[in-house]
Each structure stands twice: as C-alpha cells, then as structure tokens.
Protein chains: 2
Amino acid sequence: MKEQDAYIKLIEKGVHPSAQRLAIMQYLMSHFTHPTVDEVFQDLTKKIPTLSRTTVYNTLRLFSEHNAAQMITIDDHHVCYDGNTNPHAHFYCKSCGKVVDMHEEEVPYLSKPKMMNGKIVDEIQVYYKGICNDCMSREKNK
Amino acid sequence: MKEQDAYIKLIEKGVHPSAQRLAIMQYLMSHFTHPTVDEVFQDLTKKIPTLSRTTVYNTLRLFSEHNAAQMITIDDHHVCYDGNTNPHAHFYCKSCGKVVDMHEEEVPYLSKPKMMNGKIVDEIQVYYKGICNDCMSREKNK
DNA sequence: ATGGGTGCAAAGGATTTGCAACATT
DNA sequence: AATGTTGCAAATCCTTTGCACCCAT
C-alpha cells in the first residue's frame, strides 16, 4: 500500500503528514524518475488542482532537510529529487539529461553518521556522468 | 611559476589564453578554497578593475566544459569551482558551508571514459556532507 | 580586416518570502 | 482558539544573453 508507506515514512522522519505532503511523498515513492520540482508539480496538479508550486518547493526542501528525500544537484541547471534515501549512486546523461540509479556501483554505507578524518559525515553522494545507452544507439543510427 | 602553469593548462585543454582567462586560471590554481563565481570576481576585480562578472561566469563555464576546471554543485545554493581536475572527493560542511578536499577517500579513477553497465562514464563526483572539525569544536565550546 | 574575447545593461528563470486565508487539533 | 500549513503575488537573486566595442592576429 503506497499510501500507508508514505504515511509511515513521513512519521518516521518527523514530518507532519498533511494531505499535500502525503501526496508528494507518495509521488516520490512511486516514480523513480528523479523528478524536478516542476515535474512533481505538473503531475500532481492534475489530481490536486489547488496545489501550488510554492508548496511543492517548500515540501521538497522540508523532505530533504529531514532526510525523507534526497536532493540531487547534477549541475546548476538540473536539480531533482529522489524518494529513495538508501545510499546509491546516480548516473546523469549529458546528452538527454536523464538521471538513473546505478545500484551496481558501490557507495559507502552509512547507517549512522561516521567520523572521517575528524569530520562527521552523515551523507554521501556519488554521481557518474556520461552518455546513456539510449543516446549511444541514437548516435550510432545517424 | 604559477603563471606558466596556468598558461600550459589552458593550452593543454584547448582554451585560448587571454589575459582574463589566465588570471582566472591562475587564481584557481593557487586557491584551494573552492571559490564561487562571486569570490573569484571579488578577488580578481581588485587587480583587474575592468573585469566583469559576466566574464567570470563565461570563463568558468568554458573551463568546466573543457575540463580545465570542475564545477562543484553541492546543493542548489552552493555552486563553486575547483581548478584541480584530478579525481578526488569533496566534503561539504552543512554548518559553515566550506568545501574541502578529501584526498584520503578513494574515487574510482578514470584516465579515459569507461563503459559501465552499458553507459559511457567520463566523470565521477563524490560528495561527503556533514560537520567539519572547526564547527564541531565551536559547537562543544557552547 | 577578421575573428574571438570582453563587459555593460537588460532579460530571463528559478526559488524564496511575506502574508492572509485556511485546516486541523 | 491556537498552531501549523497552504497558496497567491511579489520580490529576490543568480545566471545568461544581446550587442557593441576592443584587441590581437
């Protein structure tokens, strides 16, 4: 049950579960496309016509502050979100702009904050960048 | 000689070495603070009063496109640059905002683009986030 | 003389803020 | 009633663009 999962996640992360927040969390938990703020807004506004972009911005920020979602900043023009907060690497295609998971590649696991060289590390992000399968075949067919 | 190093680097990366570009590259090669566009501008404008912010923006973008520098996007509000293009991890302090190198931690080395799961990967970035030494001691003394 | 580089001013776009209205407890 | 949440409009801020000027080849 996606609805319950979203509810549980918000509670676990200490985020008060309003209707909008539940909808946004549900969206993140059922779309693994790493949506941008605007994609979330465009899709959800169909179901919740009163939803505002501001709320989506505020909510996603709130989620990432509470570690209920991950903000992914590939570069200054491509910010998106991932509802999966388990550590995993991301791949960014420089040609089509898609962001996909790279579960195959290892990311050091942090179940809790860890001391590293005198610093407390509580988050690790790994980005691979290049050209994806699809763009490569498209390239060849030219 | 820093000036020559900067000159050589630009030539190697195929960037025409104008006076401004040399100055900016020299700045990057002698400041390991991971400066923002504005920090580069504020510092260099003292020596080159005619320098414009636009040129700094354009130049840093040009550098990163030519792999002469690395754009670091910690989050949507903190974009900075690193003149060191050898692969190395970065640490971001959530408290003071500083970005420092983490040479101790490994980053997969790519001397040339590599196939990974059907994708061509030509760049890997690793970010550690947490609280730095200084902020930790400051915290304790309260 | 030509092509590229620079810098101003203006445009553009994304994100945040202020604030009033609204829900929910 | 009180507290927190939402959403509109406006403000802000960062970055890019258009264009004229300038420099170096």
Side-chain angles (χ1 to χ4, degrees), chain A residues 3 6-7 9-11 13-27 34-66 68-81 97 99, chain B residues 6-7 9-11 13-28 34-66 68-81 97 99:
Chain A
E3 302 200 15
Y7 186 88
K9 179 128 188 185
L10 290 186
I11 297 297
K13 301 295 185 175
V15 176
H16 181 88
S18 71
Q20 285 87 337
R21 291 175 184 172
L22 275 169
I24 294 172
M25 179 53 79
Q26 245 175 270
Y27 186 89
H34 308 90
T36 61
V37 169
D38 219 60
E39 283 162 0
V40 174
F41 172 72
Q42 293 300 343
D43 271 14
L44 284 182
T45 201
K46 294 170 196 160
K47 295 180 187 169
I48 312 172
T50 62
L51 185 68
S52 81
R53 218 185 236 88
T54 302
T55 298
V56 180
Y57 271 108
N58 292 339
T59 301
L60 289 174
R61 178 152 45 102
L62 187 74
F63 284 1
S64 70
E65 283 165 3
H66 283 74
Q70 230 187 125
M71 182 194 278
I72 298 177
T73 52
I74 291 298
D75 65 35
D76 52 348
H77 282 300
H78 202 98
V79 176
C80 61
Y81 289 84
V99 175
Chain B
Y7 185 89
K9 179 131 188 181
L10 290 187
I11 297 297
K13 300 294 183 176
V15 176
H16 182 88
S18 70
Q20 285 89 334
R21 290 175 183 173
L22 274 170
I24 294 172
M25 179 52 79
Q26 245 176 271
Y27 186 88
L28 285 185
H34 307 90
T36 61
V37 168
D38 219 60
E39 284 162 359
V40 174
F41 172 72
Q42 293 299 341
D43 271 14
L44 285 182
T45 200
K46 293 170 196 159
K47 294 180 187 168
I48 311 172
T50 62
L51 184 68
S52 82
R53 218 182 294 273
T54 302
T55 298
V56 180
Y57 271 108
N58 291 341
T59 301
L60 289 174
R61 180 152 45 101
L62 186 75
F63 285 0
S64 70
E65 283 165 3
H66 283 74
Q70 227 186 127
M71 182 194 278
I72 299 178
T73 52
I74 292 296
D75 66 34
D76 52 349
H77 282 301
H78 203 98
V79 176
C80 60
Y81 289 84
V99 175

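Since the structure is predicted, the reported quantities are computational estimates derived from the model, not experimental observations. In what follows, chains are A, B, ... by sequence order, proteins preceding strands, each numbered from 1.
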Rounded at 0.5 Å granularity, tell me how far [atom1] in [X] sits from [atom2] in [Y].
X	Y	atom1	atom2	result
B:L62	B:M25	CG	CE	9.5 Å
A:S18	A:I24	OG	CD1	7.5 Å
A:M71	A:Y81	CE	OH	3.0 Å
A:T59	A:L22	OG1	CG	10.5 Å

Counting only side-chain N and O atoms of [X], is one of them less than 4.0 Å from OP1 or OP2 of [N]?
X	N	value
A:Q20	C:dA23	no
A:T54	C:dT17	no
A:H77	D:dC14	no
B:R53	C:dT6	no
A:Y57	C:dT15	yes

| remark: Out of D:dG7, D:dT15, C:dT16, minimum distance to the side chain of A:R61 belongs to C:dT16
[X] [atom1] to [N] [atom2], straight-line distance once rounded to whole Å:
X	N	atom1	atom2	result
A:D76	C:dG13	CG	P	15 Å
A:N58	C:dT16	CG	P	8 Å
B:H16	C:dT6	NE2	P	8 Å
A:L22	C:dT24	CG	P	12 Å
A:H78	C:dT15	NE2	C1'	16 Å
B:L60	D:dT15	CG	C1'	12 Å
B:I48	D:dC23	CD1	C1'	15 Å
B:F41	D:dC13	CZ	P	17 Å

| message | Over all strands shown, is A:S18 touching base, sugar-phosphate only, or nothing at heavy-atom distances under 4.0 angstrom? | response |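 Sugar-phosphate contact only - A:S18 comes under 4.0 Å of backbone atoms but never of a base.
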| query | Considering heavy-atom distances to DNA chain D, does A:R21 or A:P49 have its closest nucleotide positioned more toward the 5' end? | reply | A:R21
| request: Determine the sole option in A:V79, A:I74, A:T73 for which the side-chain contact (heavy atoms from CB on, under 4.5 Å) test with B:T73 is passed. | output: A:T73
